[in-house]
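When a residue number appears, it is its place in the shown sequence, counting from 1. Computed over heavy atoms, backbone and side chain alike; hydrogens, waters and symmetry mates excluded. Note that the coordinates shown come from a computational prediction; the quantities given were computed from them, not determined experimentally.
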Amino acid sequence: MFCTTLVRPAVTRRSLGFGAISAVALGGMVIAAGPAQADPAPSTVLVTAGEVSTFGTPTEVALTDHYLFVEVQSASGPQVVWRDRADPAAAWGTELGGSPLVGELVTAETDVVQIDQGDTNLIAWAREGGGSRSTSTSTTLGAGAQYLALRQGSSVVVQPVTEPTDTLTVPASFEGSSRGVAVAGDDVVVMDDQFTLTRYDIVTGGVLEQRPEVCSSDFNGFAVVDDADERFTMLSCREGGLLLDLEGVYRDYEVLERSGGASTRVPVQLGPGVVVGEYAYDYGYGTAAEGVFGGVTRSLAVPSDTNTNLPEFDLDDAGTTVAYVDAADDVRAVDLTSIASPVATEPTDTSAPWLNGLSIGAEWISGMPEHASDPDYTVTASVSDSGDPYFRPSGVARVELRYRQKQVHEDTFGDYVVIPGDTADVTSPQGSTTCWTARGVDNAGNAGAWAAESGSEQCITIGRND
């Protein structure tokens, strides 16, 4: 730090490296959702209860881009039937990959279905002539249906869908209410018992993303990894639902917030620019699809279901259609393309940084406001970058101090002089009055207003020795 004497107009300052402010950390600023609402979302019937009445009554549905899977309940128990999604006249199948689809529907991705058969899960697929195998009840089928994840103690083991070969083992935590794992393409996302979220590349084992303390760790805190694609991760915390952006374009974003926070009774599912899930309100629960970046919210007419282990709704592979079983036991679908928000690949920042505070460190004379006894003092400014709603700020590129000075026996101030930097050690002439302001400029080129323009200029007068 260099000390300098302030005389008009020249001034020097210490060299201060002031880089961009880091992106908002999880647990920091969160933009609350405030979308427009309409009830309910228009839907179309995919399957009437009568169409599958020979098998039983529809209870659950899973949807992929090519297949429609429906769980039906009969006197002999639950089973899953399926057909080509594009051909309503196609015959319903009761087997896949050589295995009867007996049990409760868990989920389906691409050409793979997962069924709970009690002590084990059945994984059956249609590719390459079809096949099936049994896995544990802790299995998570990944989006893209290339991998599945199995919970083993405090670890997650990732395997190819079609063979029980361990590809990757990573630490996780499923103690208490901290739980959940999501597989998306070649990524697996897990949570540890310190609420640190880690995303791994399944092929290389490398860490793609790690965020500590994504949820509050205070009493009764919990974290649930709900879903992920290859960019976003959706999780539920006690304080609500959060959507995290791997690319750091968007802020950590609150979703499905009404009055009671995001629910963890059923899975929350991600589509491109949309989240579908259950939310809590004062008198119960509702299911909605929300365009998460300034989009709209539409409620879904999904009946209340006390079975917390099964999906009450399901997105197709593209994430543009959601299906559910309505109160009349018909399978319905909602097109989400009008609900989903466009997803940006670059942040926008048109908002200028704002001044947190400006301080003058001096030996002030008691009883004489803004008067100092020593001509040597320090001026310091603190600036933050707010950024635009939904997006992470570009960060502060630089801070500038500005002063104007009036010498002793002078009636007017001189011109303003700008000093680059957020701190300066200065020396003002005896008897002079110097008034200071500050502003920030972010990496997007937005310049904040000088504090003087809002009446926040701070002045210091140096007491004379004569």
Side-chain angles (χ1 to χ4, degrees), residues 22-23 25-26 64-65 107-112 114 123 125 127-128 133 135-136 138-174 178-215 223-236 242-253 267-273 275 292 315 317-319 343-347 392:
S22 61
L26 190 63
T64 75
D65 286 352
T107 191
E109 300 286 347
T110 311
D111 64 343
V112 181
Q114 179 180 357
I123 303 294
W125 57 89
R127 73 190 66 161
E128 298 175 356
R133 69 184 180 102
T135 65
S136 73
S138 66
T139 298
T140 298
L141 177 61
Q146 296 302 307
Y147 296 95
L148 52 79
L150 300 91
R151 305 177 189 181
Q152 294 183 358
S154 59
S155 298
V156 167
V157 175
V158 180
Q159 298 178 345
V161 162
T162 58
E163 56 184 273
T165 303
D166 294 352
T167 301
L168 178 68
T169 300
V170 296
S173 174
F174 305 105
S178 182
R179 62 194 185 278
V181 57
V183 182
D186 293 337
D187 298 353
V188 60
V189 183
V190 297
M191 184 86 67
D192 68 17
D193 57 4
Q194 300 300 314
F195 303 120
T196 294
L197 185 86
T198 307
R199 181 190 288 256
Y200 297 90
D201 184 304
I202 295 172
V203 177
T204 66
V207 175
L208 299 173
E209 176 185 29
Q210 190 165 67
R211 301 196 187 190
E213 298 182 359
V214 290
C215 294
V224 180
V225 179
D226 285 313
D227 197 8
D229 58 25
E230 295 198 59
R231 174 174 172 180
F232 296 97
T233 298
M234 176 66 209
L235 63 146
S236 297
L242 285 176
L243 185 65
L244 315 182
D245 182 7
L246 175 64
E247 295 185 8
V249 172
Y250 290 97
R251 300 178 189 269
D252 302 326
Y253 181 75
V268 179
Q269 295 183 17
L270 290 175
V275 167
V292 293
L315 286 172
D317 300 327
V343 178
T345 56
E346 296 290 337
R392 290 186 182 275

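The two residues Val190 and Pro171 come nearest to each other via the heavy atoms CG2-O, 3.5 Å. Minimum heavy-atom separation, Gly205 to Tyr200: O-CD2, 3.8 Å. Smallest separation of non-hydrogen atoms from Gln159 and Pro164: OE1-CA, 3.5 Å. Counting all heavy atoms, side chain and backbone alike, Ser236 lies closest to Asp226 at OG-OD2, 2.6 Å. Closest non-hydrogen pair, Leu315 versus Gln269, comes out as N-OE1, 2.9 Å. Leu270 and Phe232 make their closest contact through CD1-O, 3.8 Å (heavy atoms, listed as atom of the first residue, atom of the second, distance).
Taking the salt bridge (Lys or Arg N to Asp or Glu O under 4.0 Å) definition, one finds that Asp245 meets it with Arg231, sequence neighbours left out. For Thr139, the side-chain contact (heavy atoms from CB on, under 4.5 Å) partners at least two apart in sequence or on another chain are Gln114, Asn121, Ile123, Thr135, Ser136, Leu148, Leu150. Residues forming a side-chain hydrogen bond (donor to acceptor under 3.5 Å, both in side chains) with Thr165 (at least two apart in sequence, or on another chain): Glu163. Taking the side-chain hydrogen bond (donor to acceptor under 3.5 Å, both in side chains) definition, one finds that Thr162 meets it with nothing, sequence neighbours left out. With sequence neighbours left out, the side-chain hydrogen bond (donor to acceptor under 3.5 Å, both in side chains) criterion links Asp65 to no other residue.
Taking CG from Leu208 and CG from Asp201, the interatomic distance works out to 5.0 Å, rounded to the nearest 0.5 Å. Annotation: the span from Leu141 atom CG to Gln146 atom CD amounts to 10.0 Å, rounded to 0.5 Å. One finds the CD atom of Glu109 at 15.5 Å from the CH2 atom of Trp125 (value rounded to the nearest 0.5 Å). Atom CG of residue Leu242 and atom CZ of residue Arg211 lie 10.0 Å apart, to the nearest 0.5 angstrom.
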Could you walk me through whether Thr233 and Leu246 satisfy the side-chain contact (heavy atoms from CB on, under 4.5 Å) test, starting with their C-alpha distance in whole Å, then the side-chain angles of each, then the deciding distance to 0.1 Å, before giving a yes or no? CA-CA 8 Å; Thr233 298; Leu246 175 64; over 6 Å; no

Report the C-alpha distance between Leu235 and Phe195 in whole Å, list the side-chain angles of each, state the deciding distance to 0.1 Å, and finish with yes or no for side-chain contact (heavy atoms from CB on, under 4.5 Å). CA-CA 11 Å; Leu235 63 146; Phe195 303 120; over 6 Å; no

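You'll find the side chain of Thr110 stays beyond 4.5 Å of the side chain of Thr64, heavy atoms only. Taking the side chain as every heavy atom from C-beta outward, Leu244 and Asp252 approach each other to under 4.5 Å. Between Asp192 and Thr198, the closest side-chain pair of non-hydrogen atoms is not below 4.5 Å.
For residues 182-191, the salt bridge (charged side-chain N to carboxylate O under 4.0 Å, His left out) pairs, not counting sequence neighbours, are Asp187-Arg199.
With hydrogens and angles disregarded, no donor-acceptor distance shorter than 3.5 Å links the side chain of Tyr147 to the backbone of Val183. Counting only distance, with no hydrogens or angles, the side chain of Arg392 and the backbone of Val249 share no donor-acceptor pair below 3.5 Å.
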